[in-house]
Amino acid sequence: MVVEALDRGSDTALWRQVAGVVEQAIAAGEFPAGDRLPSEAELTSRFGISRVTLRQALRALADRGLIRSVAGKGWFVGPADDLLGSRPLYEPPGVLQSFTEMARSRGLYPDSVLLHCAVRPATYEESAELAVAPGAPLLSLRRLRRMDGLPMAIDHSLIPAAFLPDIDPEEFVTGSLHEGLRRRGYVPARAQYEVQAINADSEQARLLEVEPGTALLAATELLDDSQGRRIEKGHIIYPGDRYRFRAELLP
């Protein structure tokens, strides 16, 4: 693939220029269907760009079905028939489903990067939301959630520590928080869910591999178990192009 110098003074964003070069190489038959593209390290070196810029270009091509990502192997030419590809993530309307369950239902491999795990006192507001006394111990669990290696969400959960007294942080790197609660007798049954649009700050952009200011969807969830106990307050942030919220409205 011949890489000419990018026009850094152009009104066309660098990631669009990179996507154009890669697309032309695919169209010219340099990379037939099923072939692996050069590694991300090689591409960033060739183009002289950051990995964030490269990932934006590659995701744009993936959204159009030109390439797909395979966890641990790289990017390949062809549509993502069995991966997330251009299909945004969403929960079926009216169905309470964890991130891990959503991934597995689509044949994808979910995992997490543990960003923070600690027990701390509940604030007054948190105590009201979680039905605990002010200052009661809460488990604060913050993770970068991925599907087949693609960053999909930043997930921050607050759980009354009494519900997870034997917490092992590594349990939630490849496992599900909801499954962990179920094993301890707290079955997720009902959620209050609120979604709003935000723009990515520098940390969110770095973790989700998007540009600062990119449109994100921020969801806040208050989760009750089958006995009516408030078991979690969750705050999860998705890139706007990778998640859709669906609801069913009845008269």
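Computed from a predicted model, the values in this text were never measured in an experiment. Values below: every heavy atom of this structure, side chains too, minus hydrogens, waters and symmetry copies.
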So how far is it from [X] [atom1] to [Y] [atom2], rounded to the nearest 0.5 Å?
X	Y	atom1	atom2	value
L216	I154	CG	CD1	7.5 Å
L164	L177	CG	CG	6.5 Å
L207	R143	CG	CZ	14.0 Å
E171	L114	CD	CG	12.0 Å
R142	S112	CZ	OG	12.5 Å
E23	F31	CD	CZ	13.5 Å

Which heavy-atom pair separates [X] from [Y] by the least distance, and what is that distance?
X	Y	answer
T12	Q17	O-NE2, 2.9 Å
L43	P38	CD1-O, 3.5 Å
E211	T214	O-OG1, 2.6 Å
P160	L138	CA-CD2, 3.8 Å
T100	P110	CG2-CG, 3.8 Å
L61	A19	CD2-O, 3.8 Å

According to a hydrophobic-cluster definition based on side-chain heavy atoms being under 4.5 Å apart (Ile, Leu, Val, Met, Phe, Trp, Tyr only), do [X] and [Y] belong together?
X	Y	value
I159	L130	no
V52	L14	no
V132	V119	no
V18	V210	no

Does any part of the side chain of [Y], heavy atoms only, come nearer than 4.5 Å to the side chain of [X], both counted from C-beta?
X	Y	value
R59	L150	yes
L208	L144	yes
I236	T220	no

Test side chain to side chain contact (heavy atoms under 4.5 Å, CB included) applied to E40 - qualifying residues, sequence neighbours left out: R51, L54, R55, L58, W75
From CA spacing to verdict: side-chain contact (heavy atoms from CB on, under 4.5 Å), F163, R184: CA-CA 7 Å; F163 296 153; R184 294 164 175 87; over 6 Å; no
Can a donor-acceptor pair be found, under 3.5 Å and without considering hydrogens, that links the side chain of [X] to the backbone of [Y]?
X	Y	result
E101	S98	yes
R36	G74	no
D224	G228	no
N199	G213	yes
Q204	D201	yes
R229	Y186	no

Parallel, tilted or perpendicular, as decided by the 30° and 60° cut-offs, for the rings of Y238 and F99: parallel
Residue among R190, E194, E232, Q192 satisfying side chain to side chain contact (heavy atoms under 4.5 Å, CB included) with L222: Q192
Atom CZ of R16: over 12 foreign heavy atoms under 6.0 Å: no
Steps toward side-chain contact (heavy atoms from CB on, under 4.5 Å) verdict (L217, I237): CA-CA 6 Å; L217 286 175; I237 298 172; over 6 Å; no
Test log, rule side-chain contact (heavy atoms from CB on, under 4.5 Å), inputs R146 and M152: CA-CA 5 Å; R146 303 186 300 189; M152 287 295 300; 5.8 Å; no
Step-by-step side-chain contact (heavy atoms from CB on, under 4.5 Å) determination, H156 to L158: CA-CA 7 Å; H156 186 195; L158 293 173; 4.0 Å; yes
